[in-house]
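Let me begin by presenting the structure, written as structure tokens, before commenting on it.
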Amino acid sequence: MMRAWILPMLLVLSGSAVATGQIFEGRPGTAAALLPAFLALAGVSSPLIFPRSIGAQEAQRRSAVDGRPVVFWRPGCKYCIRLRIRLGRSARRLHWVDIWRDPAAAAAVRAANDGNETVPTVVVAGRPHTNPDPEWVREQLSPSA
């Protein structure tokens with residue numbers, strides 16, 4: 001879990017350092033613009049924006065039972081963030097698996113993507129789809145899911 005917080009913390013610290021430097025150089029306006037940008041990036045990169053991750057095996061088991069897609073993702077991935085934000089509340093209806101927390105998940109993604117850990121990889125009915133359109137993912141959610 002600690003690994004997922006590294007990027008957001010680095011963004012907060014970097015943003016604070018850059019903003020402080022701008023203030024000392026006499027540019028408080030620039031500092032006021034940069035700090036919120038860094039904080040926003042830290043927020044969307046944090047594990048808080050994504051539903052709680054589960055292991056790959058558990059996600060696949062649950063998906064087999066309820067038919068919901070499995071999303072393999074990793075913190076800091078801009079395409080994962082795009083998918084999560086565009087799905088809105090529907091995102092909570094999917095099974096999310098952080099490939100940095102689960103070596104089996106990373107292996108599954110590599111197997112689906114010619115050895116690359118390309119995310120998001122969404123598995124629907126056992127078939128992987130790399131970086132699919134968020135609207136398509138939403139369509140894959142059954143009304144009862």
Side-chain angles (χ1 to χ4, degrees), residues 1-23 29-145:
M1 180 65 172
M2 193 62 183
R3 187 174 174 184
W5 286 99
I6 292 173
L7 179 61
M9 292 306 295
L10 285 174
L11 286 167
V12 168
L13 292 173
S14 298
S16 299
V18 168
T20 301
Q22 293 298 308
I23 289 171
T30 303
L34 287 175
L35 186 57
F38 274 92
L39 293 176
L41 285 172
V44 298
S45 298
S46 82
L48 296 176
I49 195 168
F50 289 92
R52 189 173 151 269
S53 286
I54 58 176
Q57 277 189 326
E58 179 64 14
Q60 290 164 346
R61 184 192 68 74
R62 290 182 187 182
S63 180
V65 171
D66 62 21
R68 296 179 189 182
V70 175
V71 180
F72 292 98
W73 72 286
R74 65 176 160 71
C77 166
K78 67 182 180 180
Y79 302 106
C80 298
I81 293 167
R82 173 182 150 261
L83 177 64
R84 169 59 185 98
I85 290 171
R86 297 255 324 263
L87 287 173
R89 290 184 177 170
S90 299
R92 300 217 177 269
R93 296 170 52 201
L94 295 126
H95 302 293
W96 292 81
V97 181
D98 180 351
I99 66 168
W100 281 358
R101 294 182 66 197
D102 186 346
V109 169
R110 285 191 302 272
N113 293 295
D114 298 320
N116 298 308
E117 289 185 356
T118 307
V119 288
T121 296
V122 180
V123 178
V124 177
R127 294 190 59 221
H129 304 270
T130 305
N131 197 18
D133 182 83
E135 294 308 312
W136 179 85
V137 174
R138 184 175 315 193
E139 290 170 6
Q140 304 314 301
L141 290 167
S142 65
S144 62

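From a predicted model like this one, the values you see are computed outputs, not experimental measurements.
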Under 3.5 Å donor-acceptor pairs involving side-chain atoms of residues 119-129, not counting sequence neighbours:
unit_1	atom_1	unit_2	atom_2	d
T121	OG1	N113	ND2	3.0
T121	OG1	T118	O	2.5
H129	NE2	R127	O	3.3

Just how far is it from atom CZ of F72 to atom NE2 of H95, taken to the nearest 0.5 Å?
11.0 Å
Identify each donor-acceptor pair in which a side-chain atom of residues 29-41 lies under 3.5 Å from a protein atom, sequence neighbours left out, and give them as a table.
none

Listing request: all salt bridge (Lys or Arg N to Asp or Glu O under 4.0 Å) pairs with a residue in residues 5-16, at least two apart in sequence or in separate chains.
none
List the atom of L141, the atom of P69, and the distance in Å for their closest heavy-atom pair.
CD2-CD, 3.7 Å
Those residues at least two apart in sequence (or on a different chain) that pass side-chain hydrogen bond (donor to acceptor under 3.5 Å, both in side chains) with R86 are none
Provide the closest heavy-atom pair for P75 versus D98 in the form atom of the first, atom of the second, distance.
CD-OD1, 3.4 Å
When every non-hydrogen atom of A59 is compared with those of V97, the smallest separation belongs to CB-CG2, 3.4 Å
Taking all heavy atoms of V70 and all of S63, pick out the closest pair and write down the distance.
CG2-CB, 3.7 Å
Roughly how far apart are L83 CG and N131 CG, rounded to 0.5 Å?
8.0 Å
CZ-CG distance between R82 and L87, expressed to the nearest 0.5 angstrom
9.5 Å
Using the test side-chain hydrogen bond (donor to acceptor under 3.5 Å, both in side chains), find all partners of E58 that sit at least two apart in sequence or belong to another chain.
R61, R62
What residues, two or more places apart in sequence or in another chain, satisfy side chain to side chain contact (heavy atoms under 4.5 Å, CB included) together with A106?
I99, R110, E117
Separation between CZ (R93) and CZ (R138), nearest 0.5 Å, reads 9.5 Å
If you look only at distance, which donor and acceptor atoms sit under 3.5 Å apart when one is on a side chain in residues 13-22 and the other is two or more places apart or in another chain?
unit_1	atom_1	unit_2	atom_2	d
S14	OG	L10	O	2.8
S16	OG	V12	O	2.8
T20	OG1	S16	O	2.7
Q22	OE1	R27	NE	2.9

Taking all atoms of both residues into account, what is the closest heavy-atom pair of A91 and W96, and its distance?
O-NE1, 2.7 Å
